[in-house]
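What follows is a single structure, written as structure tokens, with notes after it.
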Amino acid sequence: MNVLVLNAGSSTLKFELIRTSPELIAADQDERLCRGTIEGIGGEARASVEKSGQAKNSESVPLADVTAALEYIATWLSANGFAEVNAVGHRVVHGGELFSQSALIDDGVLDGIRACADLAPLHNPKNLEGIVASSKRYPGVPQAAVFDTAFHQTLPEHAFLYAVPYDWYSRHRVRRYGFHGTSHRYVAHRYRAVRKLAREQTNIITLHLGNGCSMAAIKAGRSIDTSMGMTPLEGLMMGTRSGDLDPGILSVVASRENMPLEQVENALNFKSGLLGISGLSNDMRELQKQAEHGNGGRAALAIEIFCYRARKYLGAYLAAMGGADAIVFTGGIGENSAPIRARICEGFGWAGVALDRAANAQVRATEARISTPESKLSAYVIPTDEELLIARDTVRLILGIQHPS
Ligand code: AMP
């Protein structure tokens with residue numbers, strides 16, 4: 001079955017076409033056919049497309065909206081021998097408390113996604129546009145929604161409730177939802193596969209460190225805590241997001257800078273984190289380069305805060321879980337930056353992490369253990385693959401197969 005995976009963002013539409021089936025899933029032989037990204041939708045957009053194993057092609061093309069962008073993709077697919085699309089899998093950011101699993105899209109599911117739109121006003125409406133556009137472009141083709149929040153619906157009440165007036169939860173659904181769930185779930189699934197473990201034996205802490213960063217405490221295969229909250233702003237320090245902060249800061253800055261609250265929130269989302277502290281960049285590669293040459297101003301400080309915060313969360317999750325078997329790095333930074341992994345792990349000798357320095361230095365975007373065989377708490381790198389999980393969930397839903405993770 002050819003599954004078109006779609007990820008509709010504020011002005012972007014990413015796609016990948018994946019051939020998969022229960023047999024291919026079992027053999028881990030799903031076939032990646034082609035992929036692409038369209039950026040700048042709403043004006044002169046930039047489309048980049050590539051067939052597997054071939055060079056990327058890019059062009060500028062005016063695309064007014066998601067419907068036009070999808071038509072561009074569908075036309076390219078047909079012209080390049082990929083006319084057959086048997087199913088569409090959509091990344092949907094927020095499933096609120098309505099979706100604890102992926103779902104085949106019908107009118108009820110569409111209503112559910114709409115009902116969660118106030119929780120993710122920038123994302124869910126765009127995801128919905130993608131769904132509406134693809135159901136028009138591929139009428140009769142089954143579509144599935146895979147939610148960023150679903151994996152964290154197993155959080156117990158004591159972990160998902162904020163210590164605020166309870167009716168904020170009952171009336172406004174104020175609670176921790178967590179994000180990056182598809183990534184944490186995929187990484188946990190791969191860890192189990194590599195270690196040949198049953199789901200109930202999976203006790204790990206996953207660190208998704210990319211431009212957005214989050215951590216999940218996964219006990220007996222289920223997410224029991226995660227660092228992002230009601231919105232993706234909470235938790236670890238990120239590329240441009242602050243992560244945790246005292247909420248009292250908001251009114252102080254709003255009044256002293258004479259800023260409306262939305263502007264303060266905007267600064268916390270887009271001008272904080274690595275960018276905010278360094279004043280240079282949100283890109284860890286750039287900060288590492290600057291810090292190495294000793295001329296990075298606050299680049300080194302930004303990296304130090306980033307690693308310190310990650311260590312604090314690791315310690316907290318070890319306590320929350322009563323110990324774990326492994327910590328697993330993923331995301332652009334987690335997969336590629338050996339120095340950052342080392343700085344996070346090195347603070348964890350007391351908890352039994354013995355980093356294999358040579359192994360760690362070599363690992364880039366591949367699955368590998370980076371701790372010594374004697375390490376009491378192992379450390380792994382496992383590249384994430386949200387598109388693959390979306391394609392697999394879509395096929396399993398269509399065929400009525402229970403997903404194992
Ligand atoms: P993601 O959001 O998962 O795509 O991750 C993007 C981030 O990964 C970028 O902003 C970079 O900061 C970081 N990144 C990618 N490659 C490297 C690398 N080799 N070293 C350090 N950071 C990296």
Side-chain angles (χ1 to χ4, degrees), residues 5 7 9-16 35-39 48 50 56 91 93 122-123 148 178-187 190 206-216 226-228 232-233 235-243 269-293 296 298-307 309-310 328-346 357 359-368 370 379-390:
V5 177
N7 180 357
S10 54
S11 62
T12 58
L13 183 61
K14 295 185 188 161
F15 78 91
E16 180 160 2
R35 62 195 296 166
T37 305
I38 299 183
E39 287 167 320
S48 302
E50 60 183 294
K56 195 185 277 186
R91 175 185 180 220
V93 166
L122 298 179
H123 294 100
D148 264 19
F179 298 87
H180 288 153
T182 312
S183 174
H184 290 291
R185 190 181 131 215
Y186 175 80
V187 164
R190 280 306 307 162
T206 47
L207 290 83
H208 180 114
L209 306 178
N211 197 34
C213 299
S214 69
M215 221 184 260
T226 191
S227 59
M228 282 177 168
L233 191 52
L236 300 169
M237 181 185 190
M238 314 187 203
T240 62
R241 293 189 197 119
S242 61
N269 271 300
F270 301 107
K271 296 181 183 163
S272 300
L274 293 172
L275 174 67
I277 294 290
S278 70
L280 290 171
S281 172
N282 62 325
D283 190 322
M284 186 59 92
R285 282 166 292 203
E286 181 61 25
L287 297 184
Q288 286 180 306
K289 212 183 301 164
Q290 296 291 339
E292 263 167 40
H293 294 109
R298 292 185 305 265
L301 177 62
I303 295 172
E304 184 55 39
I305 299 173
F306 184 89
C307 296
R309 294 266 185 112
V328 185
F329 290 93
T330 196
I333 299 171
E335 292 167 25
N336 294 296
S337 179
I340 297 296
R341 292 192 300 253
R343 283 179 75 163
I344 294 173
C345 288
E346 273 160 8
R357 288 172 163 277
N360 181 48
Q362 279 170 16
V363 176
R364 265 184 97 136
T366 49
E367 277 182 8
I370 55 168
Y380 283 79
V381 173
I382 299 184
T384 194
D385 197 340
E386 292 159 280
E387 291 76 16
L388 184 61
L389 196 45
I390 293 172

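Nothing fancy with the numbering, it's 1 onward along the sequence. For ligands, and for the atoms within them, numbers begin at 1 and follow the listed sequence. Note that the structure is predicted; figures quoted are calculated from it, not measured.
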- [ ] Measure from the side-chain N and O atoms of R341 to the backbone N and O of G334, and report whether any donor-acceptor pair falls under 3.5 Å.
- [x] yes

- [ ] Specify side chain, backbone, both or neither for E335, according to which of its non-hydrogen atoms lie closer than 4.0 Å to ligand 1.
- [x] neither

Task: Side-chain H-bond candidate by donor/acceptor type, T330 with E335, under 3.5 Å - done: yes

Task: Shortest non-hydrogen separation from Q288 to S337 and the atoms involved - done: NE2-OG, 2.8 Å

Task: Flag, side chain of T226 to backbone of G178, donor-acceptor distance under 3.5 Å - done: no

Task: Side-chain heavy atoms of F306 within contact of M284, under 4.5 Å - done: yes

TODO: Please could you name the atoms of ligand 1 that G331 approaches to less than 4.0 Å, counting only its heavy atoms?
DONE: 3 (O)

Open item on the list: I need the nearest protein heavy-atom contact for atom 14 (N) of ligand 1: residue, atom name and distance, please.
Closed with: G332 O, 3.6 Å

Open item on the list: Students should be able to answer this: which protein heavy-atom is nearest to atom 2 (O) of ligand 1, and at what distance?
Closed with: N211 N, 2.9 Å

- [ ] Pick out which of N269, L275, N282 makes a side chain to side chain contact (heavy atoms under 4.5 Å, CB included) with R241.
- [x] N269

Open item on the list: I need the nearest protein heavy-atom contact for atom 9 (C) of ligand 1: residue, atom name and distance, please.
Closed with: R285 NH2, 3.9 Å

TODO: Among all protein heavy atoms, pick the one closest to atom 19 (N) of ligand 1 and tell me residue, atom and distance.
DONE: R364 NH2, 3.1 Å

Task: Ligand-side contact atoms (ligand 1) for residue partner N336, heavy atom cut-off under 4.0 Å - done: 15 (C), 16 (N), 17 (C), 18 (C), 19 (N)

TODO: Would you check the N or O atoms of M284, main chain and side chain alike, for any that come under 3.5 Å of an N or O of ligand 1?
DONE: yes

Task: Numbering as shown, the atoms of ligand 1 that approach G210 to under 4.0 Å (heavy-atom distance) - done: 1 (P), 2 (O), 3 (O), 5 (O)

TODO: Please check atom 4 (O) of ligand 1 for a protein heavy-atom neighbour under 4.0 Å.
DONE: no

Open item on the list: Please list the nearest protein heavy atom to atom 13 (C) of ligand 1 with its residue and the distance rounded to 0.1 Å.
Closed with: I333 CG1, 3.4 Å

TODO: Assess the side chains of H184 and T206: does a donor N or O sit below 3.5 Å from an acceptor N or O?
DONE: yes

- [ ] Decide whether S242 and S272 meet the rule of one side-chain donor and one side-chain acceptor closer than 3.5 Å.
- [x] no

- [ ] Just need the protein heavy atom nearest to atom 11 (C) of ligand 1, so name the residue and atom and give the distance.
- [x] D283 OD1, 3.3 Å

Task: Nearest-neighbour protein heavy atom for atom 21 (C) of ligand 1, which is reported as residue plus atom name and distance - done: Q288 OE1, 3.2 Å

Task: Side chain E304, main chain A300, donor-acceptor under 3.5 Å - done: no

